[in-house]
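Since the structure comes first, as structure tokens, the remarks are kept for the end.
Below, read A as the first sequence line, B as the second, and so on, with proteins coming before strands; counting in each chain starts at 1.
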Number of protein chains: 2
Amino acid sequence: MSVAHTGVTPQVGGAEPVGPCGEDDCGVRDVLDRLGDKWTVLVVVELAKGTRRYRELQRAIPGISQRMLTVTTRRLWRDGLVERTVHPTIPPQVEYALTDVGRSLAVTIAGLADWSRDHKDAMDAARRRWDAEHPDETGR
Amino acid sequence: MSVAHTGVTPQVGGAEPVGPCGEDDCGVRDVLDRLGDKWTVLVVVELAKGTRRYRELQRAIPGISQRMLTVTTRRLWRDGLVERTVHPTIPPQVEYALTDVGRSLAVTIAGLADWSRDHKDAMDAARRRWDAEHPDETGR
DNA sequence: CAGTATCCACTTCGATACTG
DNA sequence: CAGTATCGAAGTGGATACTG
């Protein structure tokens with residue numbers, strides 16, 4: 001599975017340790033293009049708790065529209081992160097569940113959540129400080 | 001620092017292990033609102049290699065416009081992830097460097113990059129398979 | 001060099017209405 | 001229940017020109 005954070009070793013000086021990747025973006029943008037939208041991670045986090053039906057997801061994720069729930073699940077399905085099972089009953093019943101790849105993504109997302117919890121306060125404080133010190137700054 | 005991915009333990013069944021967070025999004029969206037844009041992670045990854053000047057960043061990140069480089073660095077600065085040092089010389093010289101918080105973020109981002117590298121192929125394959133199996137699907 | 005300012009194209013998303 | 005279709009508002013980023 002290799003979740004070793006080798007590479008971008010935090011360091012102070014201005015030397016060039018030549019990060020994990022030669023010269024490009026390490027491919028991080030690929031992931032963020034998938035997770036960066038408004039709802040994807042919320043769906044993944046919810047599905048990490050277990051299999052869910054369409055309506056269950058919608059109820060578990062307040063504010064998501066039918067349209068966005070559909071496009072989000074469809075994208076995750078298409079990318080092989082989510083498995084979609086249709087029970088051809090009446091009324092129809094569709095179940096969504098994370099695949100193995102999807103579950104590994106959920107673990108990574110948990111790492112993000114950890115970071116968020118650990119540093120949210122510091123960031124909020126920094127922002128308040130900055131705003132106080134730069135009252136009439138453009139483009140906030 | 002606590003980079004323990006407790007919580008969303010990957011598991012197969014449909015039971016409810018009650019994730020890391022009671023009911024909400026675990027706050028992951030907070031991070032992604034900051035990282036999800038087109039350039040932020042690229043700037044962070046570049047700064048993880050060492051202190052950079054404005055032009056150096058621009059050259060290191062092909063395609064970024066002056067506008068976006070400015071708003072991206074400004075945001076990171078405002079959030080306390082990046083330190084901005086102005087040398088009042090002529091011509092002016094401005095240096096950007098990650099703060100401690102910024103460096104911890106770089107570590108987390110490296111985790112994302114790891115995941116991306118480990119699963120990019122699987123996702124691309126899944127997508128091709130899906131596209132082949134669903135030729136005339138709407139909204140791709 | 002290191003920005004700011006302005007305008008515009010494109011994307012993303014929400015609301016609403018309808019369907020098998 | 002589980003979607004699809006359509007439209008419009010808002011956000012986001014790129015190009016260009018100008019400045020201390």
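- Residue A/Arg74 places its side chain closer to D/dT4 than to any other of D/dC1, C/dG3, D/dT4.
- Phosphate contact (OP1/OP2 of D/dG3, side-chain N/O of A/Arg53, threshold under 4.0 Å): absent.
- At a threshold of 4.5 Å between non-hydrogen side-chain atoms, the residues A/Val28 and B/Leu35 do not count as touching.
- The separation between B/Tyr54 atom OH and D/dG20 atom C1' is 14 Å, rounded to whole Å.
- Rounded to the nearest 0.5 angstrom, B/Ser116 OG and B/Asp121 CG are separated by 9.5 Å.
- Under the 4.5 Å side-chain criterion, counting only non-hydrogen atoms from C-beta, A/His87 is in contact with A/Glu95.
- For the atom pair A/Arg52 CZ and A/Leu47 CG, the distance stands at 7.5 Å (nearest 0.5 Å).
- Considering only the side chain of A/Thr70, D/dT4 comes nearest among C/dC1, D/dA2, D/dT4.
- What separates NE2 of A/His87 from P of D/dG3 is a distance of 12 Å, to the nearest Å.
- Straight-line distance from the CG atom of A/Leu69 to the P atom of C/dT12: 18 Å, rounded to whole Å.
- Between the C1' atom of C/dA2 and the CD atom of B/Glu95 lies a distance of 13 Å, rounded to the nearest Å.
- If you take CD1 of B/Ile90 and C1' of D/dT19, they are 14 Å apart, rounded to a whole angstrom.
- If you check D/dA2, D/dG13, C/dC13 against the side chain of A/Arg55, the one that comes closest is D/dA2.
- For the strand DNA chain D, secondary-structure stems (runs of at least three Watson-Crick or G-U pairs, all distances below 3.5 Å) span C:1-20 with D:1-20.
- Within the 4.5 Å cutoff, side-chain heavy atoms of B/Arg75 are placed close to those of B/Asp37.
- The CG atom of B/Leu57 sits 9 Å away from the P atom of C/dA2 (whole-angstrom rounding).
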Side-chain donor-acceptor pairs of residues 60-69 of chain B under 3.5 Å, sequence neighbours excluded:
unit_1: B/Ser65; atom_1: OG; unit_2: B/Met68; atom_2: N; d: 3.2

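- Side-chain atoms of B/Pro92 lie closest to C/dA2 of the nucleotides C/dA2, C/dG3, D/dG3.
- A/Thr85 and A/Tyr96 are not linked by any side-chain donor-acceptor pair at a separation below 3.5 angstrom, with hydrogens and angles left out of the test.
- For B/Tyr96, a side-chain nitrogen or oxygen approaches OP1 or OP2 of C/dG3 to under 4.0 Å.
- Regarding contacts with the backbone of D/dA2, every side-chain N or O of A/Arg52 stays at 4.0 angstrom or more from both OP1 and OP2.
- The shortest heavy-atom contact between A/Ser104 and A/Val101 is OG-O, 2.7 Å.
- For A/Asp33 and C/dC10, the CG to C1' distance is 15 Å, given to the nearest whole Å.
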Produce the list of close N/O pairs, under 3.5 Å, pairing protein atoms with atoms of nucleotides 14-16 of chain D; give distances to one decimal.
unit_1: D/dG14; atom_1: OP1; unit_2: B/Lys38; atom_2: NZ; d: 2.4
unit_1: D/dG14; atom_1: OP2; unit_2: B/Trp39; atom_2: NE1; d: 3.0
unit_1: D/dG14; atom_1: N7; unit_2: B/Arg67; atom_2: NE; d: 3.4
unit_1: D/dG14; atom_1: O6; unit_2: B/Arg67; atom_2: NE; d: 3.0

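- Heavy atoms only, all atoms of each residue included: B/Leu98 and B/Arg103 are closest at O-NH1, 2.9 Å.
- Shortest non-hydrogen contact noted between A/Glu56 and A/Thr51 is OE1-O, 4.3 Å.
- Remark: P of C/dC13 and CZ of A/Arg75 are 7 Å apart, rounded to the nearest angstrom.
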